[in-house]
Amino acid sequence: MVFADPGEALTRARALLDADPSPLHASVAHQVIGIWQRDFGDLRLALSHLRRAREFAARADSADREADVLATLGVALVHAGRTREGLAAFERGVARGGGHTRARVLYRRAYVWWVLGHHREALEDVRRAIPVLRQAEDVIWTARALTLRATVHLALGAVERAEADFTAAETLWETTGQEHDKADAVESRGLAAFRSGDVPAALRLLDEAEERYARLGTPTFMLNIRRCEVLMAAGLAPEALAEADAAIGRLDGIGGQSTRKAELLLAAARAARLAGDPHTAIARAALAVRLFAGQRRTWWETHARLVLIEARHAAGRSSGRLVADAAAVAEKLAAFGAPAAPEASLLAGRIALGLGWKADAERHLAVAARSRRSGPPLARMTGWAAQALWARAAGSTRGVLEACRRGLDVLDDHRMTLGASELRARATEQGAELAALAGRASLVSGGPRRLLVWSERWRATVLSTPPTRPPADPELLSGMTAFREIASRAEAARMEGRPVPALEREQRRLERQIRSRTLHMRGEAPGDSGRFDVGRLLERLGDEVRLVELAVLDGRVQVLLCGQGRVRRFEAGLLADAETEAEHVQAGLRRLAHPGAEARLAVVEAAGRRLEELLLGPAAAHLGGGPVVIVPPGRLHRVPWALLPSLRERVLSVSPSAGSWLRARETAPPPDGRHVLVRGPGLATGGAEVPELADRYACATVLEDDEARVPRVLEELDGAALAHIAAHGAFRADSPLFSSLRMADGPIVVHDFERLTRSPYRIILSCCDTALLASVGADELLGLVTALLPLGTAGVVACSAPVNDAAVVPLMLALHKGLGAGLSLAEALRDARAALPGDALHQATGWAFSAFGAA
């Protein structure tokens with residue numbers, strides 16, 4: 001019962017002890033309490049109860065009872081870090097027990113071997129146990145043994161064998177009432193899905209397991225460790241670090257298993273390293289190494305040493321000693337048959353390469369490169385990264401580019417299994433090194449065209465295909481409705497000055513629930529079959545239009561100027577300096593949104609001149625006199641490009657990539673030409689442009705007051721030719737897909753827009769901060785604009801800063817006047833800026849808005 005209904009088992013065991021039981025029954029009761037405390041509570045109490053259980057078993061003169069308790073005690077001692085005592089208890093247990101009982105003892109020793117990282121010994125013990133358990137028709141223990149064998153197979157990389165055992169075990173579990181064991185089986189299937197490369201299925205199964213554990217009221221530390229693994233693979237390393245640290249805190253609070261603490265520290269160290277925090281990674285990994293060493297867990301200790309070396313290298317501590325340490329770890333991991341061995345060889349090769357030890361580097365990289373042919377996607381990418389570095393060391397540009405191409409193809413295939421745009425974007429981080437290697441190789445030998453091709457190969461890849469539409473999931477839809485209601489109530493309370501902590505907590509809970517369910521979506525759309533074609537781009541640009549793609553190599557901006565049938569390269573300033581200047585500009589625009597800040601105008605204009613030098617450099621003199629399309633890297637998405645002197649009077653548009661500009665240019669408008677005007681609540685001007693636009697577009701659908709509710713707004717936006725939304729906008733840097741526009745019934749968020757079959761062909765967002773985007777992954781952007789572009793929107797006008805509501809009205813009216821005259825969004829916005837009054841407030845408002853796309 002302790003794994004069917006843990007709380008009830010604990011209650012009955014305590015009641016039994018209060019009833020003055022026989023020694024045999026007292027032994028069982030103390031063992032049950034010991035198991036509960038061992039797995040869900042205080043390990044010191046567990047050891048105390050298990051020793052008493054053994055004493056009562058001896059008094060009952062039952063060899064099998066004593067053997068069974070010794071096995072439970074052995075597990076507890078190992079989890080307490082007292083490995084030698086634990087293994088000794090198992091030796092006695094195997095000797096005391098017979099037949100069926102001995103098989104149960106062998107199963108538990110196999111479990112301990114797995115905890116210690118002795119996988120061959122674990123397989124041997126479970127091999128001896130399973131036939132006896134099956135012969136005794138012991139369904140529960142047979143299912144446990146099969147689950148354990150599958151878990152060991154996974155640790156050795158044998159995914160197919162593991163899945164066969166998990167399937168057999170699950171069939172047995174369905175015939176029992178062992179609810180905790182069933183939850184564990186679901187968790188194990190999640191681990192198997194992850195090992196086979198199916199991240200959405202892994203997240204869904206781990207969430208299901210957590211729900212089952214929650215109903216039983218049992219802690220889930222192994223689940224935390226496994227979820228951390230999956231989150232890291234999905235590019236969510238900061239979340240994995242937070243989860244691991246929180247679990248460590250809970251474990252310490254209950255005096256839980258020291259083995260689990262060491263594993264959580266290892267997960268935290270990996271997550272910190274991937275999150276770009278090497279010093280935290282070093283601290284967590286060093287502590288994990290000490291704990292694993294004290295627990296005599298060499299397999300685990302070696303993995304922790306690998307993370308420690310990686311973190312030290314990331315912190316800039318390269319040395320010959322570090323190469324030797326990485327090589328020794330690689331050798332040990334290979335001897336264990338651990339799938340992480342190629343990572344260690346790659347690390348040794350990378351450090352040696354940095355020290356100029358070419359021969360050593362090539363030897364280690366050649367070993368790591370063997371993993372490129374088989375295994376899960378991320379393991380193959382490790383192999384291709386090693387192959388690329390090996391080719392670079394050998395001076396083969398062609399070899400570097402081929403390895404990078406093959407590695408990024410593997411990652412593309414992996415990304416397309418992910419349905420959520422957030423996961424697709426974050427997963428690109430795994431290919432950042434390959435993209436950088438290819439860019440450097442192109443710069444050295446291939447000329448501007450090749451650099452452009454590689455820049456496009458890795459830029460805004462998430463926008464190349466529409467995200468998977470969220471399923472018609474009743475729980476998801478009800479969660480979205482509840483989220484809007486709570487968010488609306490919280491906003492109303494803030495405006496009235498009432499406290500909102502309870503509403504904010506519920507809003508965060510609902511956000512987590514919604515995000516969790518969207519991350520479960522599996523990708524359905526195939527990858528973009530057509531590779532980027534420079535010739536096609538140049539043909540579309542013609543002689544008048546210039547496309548300026550900004551690539552960043554080794555921290556410096558490379559300007560690729562496309563037009564007039566050719567691609568030219570110019571070198572500009574440092575990316576870090578440009579980012580700093582862009583922040584100053586943003587601060588200035590925020591000040592200028594309020595009357596009385598006219599003195600800041602000259603400061604902002606001066607910053608615009610400095611930005612031009614840093615971002616365009618000598619290319620600014622070669623832009624010609626026609627329209628310009630700017631394709632910035634993700635980290636420069638906040639730049640108000642119209643502020644740059646050479647762009648100020650131009651027809652100017654922005655695009656996440658040259659490929660997405662081409663797709664927008666070739667997107668046909670919908671045949672019916674519907675216009676939709678939406679006015680949200682709470683605007684200072686009341687959305688004053690909307691009534692005038694309604695008169696101009698006589699047949700437009702106007703949604704305002706109570707009609708501007710999210711379901712109706714989405715229904716009208718779907719497939720519209722032109723949409724204009726005047727509403728309060730909010731960008732969420734912490735969770736960009738919850739960036740929102742305020743409607744009558746609460747916020748409409750990016751998750752809502754992703755439900756559209758086709759987003760409006762043109763959409764004008766007369767709202768603050770709607771052009772703000774979160775830079776994630778290698779060079780991806782998450783936010784409202786990038787959600788619309790792959791769904792059929794060819795042009796967006798949006799704002800990258802807070803703006804003055806009153807100053808927005810004349811800008812919007814002038815913009816629509818240009819559209820009515822047949823101009824594109826970029827042309828109309830240029831003319832609208834020119835028509836504004838010359839004061840600082842209106843000038844800043846015009847600069848804050850940008851046209852995206854090509855419509």
Side-chain angles (χ1 to χ4, degrees), residues 276 314 316 350 353-354 356 381 384-385 387-408 411 428-461 531-532 534 537 546-562 566-582 611-620 622 629-639 654-659 775-781:
R350 186 181 280 124
L353 208 56
M381 284 195 62
W384 285 116
Q387 184 74 9
L389 288 170
W390 189 14
R392 191 181 72 169
S396 171
T397 299
R398 182 177 178 181
V400 171
L401 294 175
E402 175 63 13
C404 292
R405 182 184 68 78
R406 298 286 293 274
L408 293 178
L411 186 55
T428 60
E429 181 64 34
Q430 306 287 350
E433 182 182 24
L434 288 171
L437 284 168
R440 291 189 200 104
S442 300
L443 186 63
V444 169
S445 69
R449 281 197 178 216
R450 179 177 280 179
L451 182 56
L452 176 63
V453 168
W454 276 100
S455 177
E456 281 295 300
R457 176 69 179 82
W458 201 239
R459 184 187 293 270
T461 57
R531 293 294 185 197
F532 174 71
V534 177
L537 172 68
R546 299 288 186 276
L547 184 140
V548 179
E549 180 146 331
L550 305 181
V552 179
L553 288 176
D554 297 323
R556 186 167 290 278
V557 177
Q558 305 291 329
V559 184
L560 298 172
L561 180 59
C562 309
R566 59 181 175 153
V567 181
R568 289 178 285 172
R569 182 179 71 85
F570 301 87
E571 193 163 85
L574 295 174
L575 175 66
D577 292 344
E579 287 184 283
T580 301
E581 206 62 62
L611 264 179
E612 179 166 302
E613 287 180 26
L614 291 166
L615 295 177
L616 299 181
H622 299 272
V629 180
I630 297 288
V631 178
R635 287 163 62 183
L636 293 175
H637 70 277
R638 294 173 65 90
V639 172
V654 182
S655 182
S657 71
S775 179
V776 300
D779 197 18
E780 303 293 335
L781 294 165

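The structure displayed is predicted, hence computed values, not measured ones.
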Legend entry - Set of side chain to side chain contact (heavy atoms under 4.5 Å, CB included) partners for E581, sequence neighbours left out: H584, A607, R610, L611, L614

Legend entry - Shortest non-hydrogen separation from G573 to R556 and the atoms involved: O-CG, 3.5 Å

Inset, instruction - Nearest 0.5 Å please: distance from the NE2 atom of H622 over to the CG atom of L616. - result: 11.5 Å

Legend entry - Nearest-0.5 Å distance that lies between atom CD in E549 and atom OG in S655: 9.0 Å

Inset, instruction - State, to 0.1 Å, how close A385 and L434 come at their nearest heavy-atom pair, and which atoms those are. - result: CA-CD2, 3.7 Å

Compile the donor-acceptor pairs under 3.5 Å between side chains in residues 394-405 and protein atoms, sequence neighbours left out, one pair per line.
residue	atom	partner	partner atom	Å
S396	OG	G399	N	2.9
E402	OE1	R405	NE	3.2
E402	OE1	R405	NH2	3.2
E402	OE2	R405	NH2	2.7
R405	NH1	D409	OD2	3.2

Legend entry - Nearest non-hydrogen partners of E456 and G659, listed with the distance: OE1-N, 2.8 Å

Legend entry - Any V629 side-chain heavy atom under 4.5 Å of V654 side chain: no

Inset, instruction - Any chance you could measure R440, atom CZ, to L451, atom CG, to the nearest 0.5 Å? - result: 12.0 Å

Inset, instruction - Show your reasoning for whether side chain to side chain contact (heavy atoms under 4.5 Å, CB included) applies to L615 and V548. - result: CA-CA 10 Å; L615 295 177; V548 179; over 6 Å; no

Inset, instruction - Nearest 0.5 Å please: distance from the CH2 atom of W384 over to the CG atom of L408. - result: 11.5 Å

Legend entry - For P448 against R568, the heavy-atom pair lying closest together: CB-C, 4.2 Å

Inset, instruction - Drop me the distance from R569's CZ to L560's CG, to the nearest 0.5 angstrom. - result: 8.0 Å

Legend entry - Worked check of side chain to side chain contact (heavy atoms under 4.5 Å, CB included) between L550 and V559: CA-CA 5 Å; L550 305 181; V559 184; 3.9 Å; yes

Legend entry - Close side-chain approach of L561 to V567, heavy-atom, < 4.5 Å: no

Inset, instruction - Could you tell me whether E433 and R350 make a salt bridge, using a distance below 4.0 angstrom between a side-chain N and a carboxylate O? - result: yes

Legend entry - Heavy-atom side-chain proximity of C562 to L452 below 4.5 angstrom: yes

Inset, instruction - State, to 0.1 Å, how close V552 and P633 come at their nearest heavy-atom pair, and which atoms those are. - result: CG2-CG, 3.9 Å

Legend entry - Nearest-0.5 Å distance that lies between atom CG in L553 and atom CD in E571: 9.5 Å

Inset, instruction - List the steps and the verdict of side chain to side chain contact (heavy atoms under 4.5 Å, CB included) for L353 and L389. - result: CA-CA 8 Å; L353 208 56; L389 288 170; 4.0 Å; yes

Legend entry - Heavy-atom closest contact (A658 atom, F532 atom, distance): CB-CE1, 3.9 Å

Legend entry - Listed partners of R635 passing side-chain hydrogen bond (donor to acceptor under 3.5 Å, both in side chains), at least two apart: E579

Inset, instruction - Walk me through it: do L537 and L547 pass the test side chain to side chain contact (heavy atoms under 4.5 Å, CB included)? - result: CA-CA 9 Å; L537 172 68; L547 184 140; 4.1 Å; yes

